[in-house]
Amino acid sequence: MVTEFDKAAEAHIVGELRRLRPADAIIGEEGTDDDGTSGYAWFLDPIDGTTNFVYDQPAWACSIAVAHEGVMQAAAVFVPPMDEMFSAALGGGATLNGRPISVSDETDLALALVGTGFGYRAETRQRQATFLVGLITQVRDIRRLGSAAVDLCMVGCGRLDAYYELHLNSWDAAAGELIAREAGAITTDFSGAAARPEQMLAAAPGVHAGLLEAIRSV
């Protein structure tokens, strides 16, 4: 789904960035793809969780992050229905409404509450659901909130112990991954290498290795 609000929000954010940072690149979900010359690139998802927004479900957010030469530097995820602003800076930790946050201290995978998400295509969702069936017996339970940015922030503040998803876009994961990581999460792909949108795993240190092994076994 794409609403007039997605387009209007992106247009407003892009307009401000072009005014304040005219030499920076901008990559937005609703079609903005501006090359820059400064080495900085902004990743925008004006409404992450548009289906939730349309159905008046509270798990949707505005997600913005900025990278320099490919390394994420700062991020903000605002969740309007909960009036919660998550933010992070590389090496500076993560906050929720200005207060430091940290991941959970769970160490038992069997007690871990794990978030995930499904793709838009029916055949993709079918594969993801089959994958979930193989994983759900190894954790406490699964939550599917419908917004990757919100899911990653939930890991960052300890409301989820972990989160995994396949086939995200750069703007889906950019801000939330930095926030989760700066809050103490281990973020990787499914092989244990650096996290990437195509394979995103963010987990509290106490359950990351176990969840990674469980994912590999499915």
Side-chain angles (χ1 to χ4, degrees), residues 1-2 29 43 45 47-55 57-61 63 65 72 77 79 86 103-181 183-218:
M1 292 184 180
V2 179
E29 182 184 26
F43 296 84
D45 196 340
I47 300 181
D48 186 54
T50 301
T51 301
N52 286 340
F53 175 79
V54 170
Y55 281 86
Q57 296 285 339
W60 59 273
S63 173
M72 213 59 62
V77 173
V79 189
F86 295 86
V103 297
S104 80
D105 58 3
E106 186 58 67
T107 59
D108 187 347
L109 182 63
L111 300 179
L113 187 63
V114 178
T116 192
F118 293 162
Y120 289 112
R121 295 180 180 274
E123 59 271 21
T124 302
R125 291 200 303 271
Q126 185 176 37
R127 290 195 300 271
Q128 291 168 324
T130 301
F131 184 90
L132 186 151
V133 169
L135 187 64
I136 196 169
T137 58
Q138 304 184 62
V139 300
R140 181 192 292 274
D141 207 348
I142 299 288
R143 292 291 181 268
R144 197 270 201 226
L145 300 181
S147 164
V150 173
D151 281 322
L152 286 160
C153 289
M154 294 301 99
V155 174
C157 68
R159 296 176 191 165
L160 290 174
D161 299 303
Y163 160 78
Y164 76 91
E165 190 164 350
L166 289 163
H167 309 308
L168 295 172
N169 295 299
S170 59
W171 51 78
D172 296 316
E177 189 274 336
L178 181 63
I179 291 167
R181 178 158 42 93
I186 298 176
T187 63
T188 66
D189 67 8
F190 293 179
S191 68
R196 49 195 174 93
E198 296 80 12
Q199 287 188 359
M200 177 61 61
L201 171 60
V207 298
H208 178 269
L211 184 56
L212 189 60
E213 182 178 350
I215 287 173
R216 288 169 171 169
S217 71
V218 173

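No experiment lies behind these values; they were computed from the predicted model shown. The first residue in the sequence is number 1, and the count goes up from there. Heavy atoms only: backbone and side chains are in, while hydrogens, waters and symmetry mates are out.
Note that the CD1 atom of Ile215 and the CG atom of Leu201 stand 4.5 Å from one another [nearest 0.5 Å]. The distance from atom CD1 of Ile142 to atom CG of Leu135, rounded to the nearest 0.5 Å, is 5.0 Å. Interatomic distance, Met154 CE to Phe86 CZ, rounded to the nearest 0.5 Å: 3.5 Å. With values rounded to the nearest 0.5 angstrom, Glu29 atom CD is found 6.0 Å from Asp172 atom CG. Atom CZ of residue Arg181 and atom OG1 of residue Thr187 lie 5.0 Å apart, to the nearest 0.5 angstrom. In this structure, Leu145 CG and Leu160 CG are separated by 6.0 Å, a value rounded to the nearest 0.5 Å.
What you find for Ala214 and Ser217 is that their closest heavy atoms are O-OG, 2.7 Å. Closest heavy-atom contact between Val77 and Ala175: CG2-CB, 3.7 Å. Heavy atoms only, all atoms of each residue included: Asp48 and Ala148 are closest at OD2-N, 3.1 Å. Considering every non-hydrogen atom in both Arg216 and Ser191, the closest pair reads NH2-O, 2.7 Å. Among all heavy-atom pairs drawn from Thr188 and Ile186, the shortest one is CG2-CG2, 3.9 Å. When every heavy atom of Asp161 is checked against every heavy atom of Ser104, the shortest pair comes out as OD1-OG, 2.6 Å.
Residues Thr124 and His167 bring no donor and acceptor atom of their side chains to less than 3.5 Å of each other.
Note: Phe131 and Phe190 have parallel aromatic rings, judged against thresholds of 30 and 60 degrees for the angle between ring planes.
For the pair Leu211/Tyr163, no side-chain contact is recorded, criterion being any heavy-atom separation below 4.5 Å from C-beta on.
A distance-only check finds no donor-acceptor pair linking the side chain of Asn52 to the backbone of Trp60 [under 3.5 Å].
Under a cut-off of 6.0 angstrom, the local environment of CG in Asp108 is crowded, with over 12 non-hydrogen atoms contributed by other residues, nucleotides or ligands.
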